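Here is the structure we will look at.
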Amino acid sequence: MRLLLLLSFLFLTIPAAICQELSFEGGKTISAFDYKNSMGEPLDNLQSSNHTYLSMGYRRTFFTDRLFINLSGSFNEYGAIGSDVAFDNYFEWDLSYLAANLAFDYEFYKPGNFTFFVKVGASADFLIQGTQTLNNQDYNAYDEEDF
């Protein structure tokens with residue numbers, strides 16, 4: 001076990017010494033939906049919900065010392081909850097997405113220990129799992145085109 005930890009440490013630190021970076025991010029997402037019924041009317045009492053965000057990435061110089069390429073993958077969860085008092089309805093959405101991200105950043109100014117840079121990127125998210133709950137009945141949102 002100790003040998004595995006030592007090898008992992010060396011694998012993660014040696015590439016960083018030659019201008020490569022590995023990153024890990026994690027946190028909470030607070031999401032809400034802009035839902036409209038078939039008449040185009042919004043739901044007034046649709047509330048946001050807290051979910052998980054995880055990302056792992058790789059950053060490396062690209063042609064010059066100031067230009068970097070960023071490749072990452074992320075796991076995002078979104079959702080919302082609400083009810084309709086007039087019809088005594090309850091609804092909830094829980095959605096999980098995997099994303100592939102590509103970005104470039106250019107460092108244009110480095111005063112002291114600070115670095116100012118411009119970053120541009122693109123992301124493709126794919127729904128991997130989703131449920132919609134209406135009045136204690138679960139529906140698979142993965143099969144719906146709306147998501």
Side-chain angles (χ1 to χ4, degrees), residues 1-37 40-84 90-147:
M1 182 67 174
R2 288 184 182 180
L3 179 63
L4 182 61
L5 286 173
L6 179 63
L7 290 175
S8 298
F9 177 75
L10 289 174
F11 175 73
L12 293 175
T13 56
I14 289 174
I18 53 174
C19 298
Q20 299 174 359
E21 297 176 16
L22 298 175
S23 63
F24 177 76
E25 297 177 35
K28 291 288 188 183
T29 59
I30 301 172
S31 61
F33 295 157
D34 182 15
Y35 180 86
K36 294 183 181 172
N37 64 15
E41 300 166 344
L43 290 173
D44 294 331
N45 54 354
L46 195 57
Q47 303 295 317
S48 62
S49 60
N50 295 333
H51 292 279
T52 304
Y53 165 77
L54 297 171
S55 176
M56 291 186 71
Y58 174 76
R59 181 178 185 242
R60 178 189 173 107
T61 55
F62 193 67
F63 292 120
T64 70
D65 290 341
R66 293 182 155 201
L67 181 64
F68 294 85
I69 186 169
N70 301 272
L71 303 169
S72 64
S74 59
F75 172 76
N76 304 307
E77 292 180 319
Y78 304 104
I81 57 174
S83 62
D84 188 352
Y90 168 79
F91 28 86
E92 180 178 6
W93 292 271
D94 284 312
L95 306 167
S96 301
Y97 287 85
L98 278 180
N101 311 300
L102 171 66
F104 294 93
D105 64 79
Y106 182 75
E107 298 176 347
F108 63 89
Y109 184 57
K110 291 178 99 173
N113 291 331
F114 292 99
T115 302
F116 293 92
F117 61 92
V118 176
K119 186 174 187 177
V120 65
S123 175
D125 290 29
F126 303 96
L127 178 67
I128 58 171
Q129 179 184 6
T131 58
Q132 178 180 5
T133 303
L134 298 172
N135 295 329
N136 295 324
Q137 289 184 328
D138 290 333
Y139 299 95
N140 187 357
Y142 183 79
D143 296 330
E144 297 295 323
E145 292 181 16
D146 295 340
F147 291 97

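Along the sequence shown, residues are numbered consecutively beginning with 1. Because the structure is a prediction, the values reported are computed rather than measured.
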Could you note down all residue pairs passing salt bridge (Lys or Arg N to Asp or Glu O under 4.0 Å) where residues 123-133 supplies at least one of them, sequence neighbours left out? none
Check the pair L102, L71 against side-chain contact (heavy atoms from CB on, under 4.5 Å), reporting the backbone distance first and the verdict last. CA-CA 5 Å; L102 171 66; L71 303 169; 3.3 Å; yes
Can you tell me how far the OH atom of Y90 sits from the CG atom of L134, to the nearest 0.5 Å? 10.0 Å
First locate atom OG of S96, then atom CZ of F75, and finally report the distance between them rounded to the nearest 0.5 Å. 4.0 Å
Nearest heavy-atom approach of T131 to L95 is N-CD2, 4.4 Å
What's the spacing between E77 CD and T52 OG1 if we round to 0.5 Å? 4.5 Å
Over all heavy atoms of both residues, which pair between S48 and I30 is shortest? Give the atoms and the distance, please. OG-CG2, 3.7 Å
So which atom in S123 and which in N101 form the shortest heavy-atom distance, rounded to 0.1 Å? OG-OD1, 2.6 Å
Look at atom CG of D65 and say whether more than 12 heavy atoms of other residues, nucleotides or ligands are closer to it than 6.0 Å. no
When every non-hydrogen atom of S49 is compared with those of A80, the smallest separation belongs to OG-N, 3.4 Å
Crowded around F114 CZ? As in, over 12 foreign heavy atoms under 6.0 Å? no
Of all the heavy-atom pairs spanning N76 and A99, show the shortest one and how long it is. ND2-CB, 4.3 Å
Intermediate values then yes/no, side-chain contact (heavy atoms from CB on, under 4.5 Å), E25 and Y53: CA-CA 8 Å; E25 297 177 35; Y53 165 77; 3.4 Å; yes
Nearest 0.5 Å please: distance from the CD1 atom of I69 over to the CZ atom of F63. 9.0 Å
Measuring from atom CG of L46 to atom OG of S83, what distance do you get when rounded to the nearest 0.5 angstrom? 9.5 Å
Rounded to the nearest 0.5 Å, how far apart are CZ of R60 and CD of E21? 12.0 Å
Please identify each residue that fulfils side chain to side chain contact (heavy atoms under 4.5 Å, CB included) with F108, with sequence neighbours left out. Y106, F116, V118
On a heavy-atom basis, which atom in F68 and which in T61 lie closest, and how many Å separate them? CE2-CG2, 3.4 Å
Report the residues that fulfil salt bridge (charged side-chain N to carboxylate O under 4.0 Å, His left out) with E107, sequence neighbours left out, ordered by chain and then residue number. R59, K110
Between Y139 and Q137, is there a side-chain heavy-atom distance shorter than 4.5 Å? yes
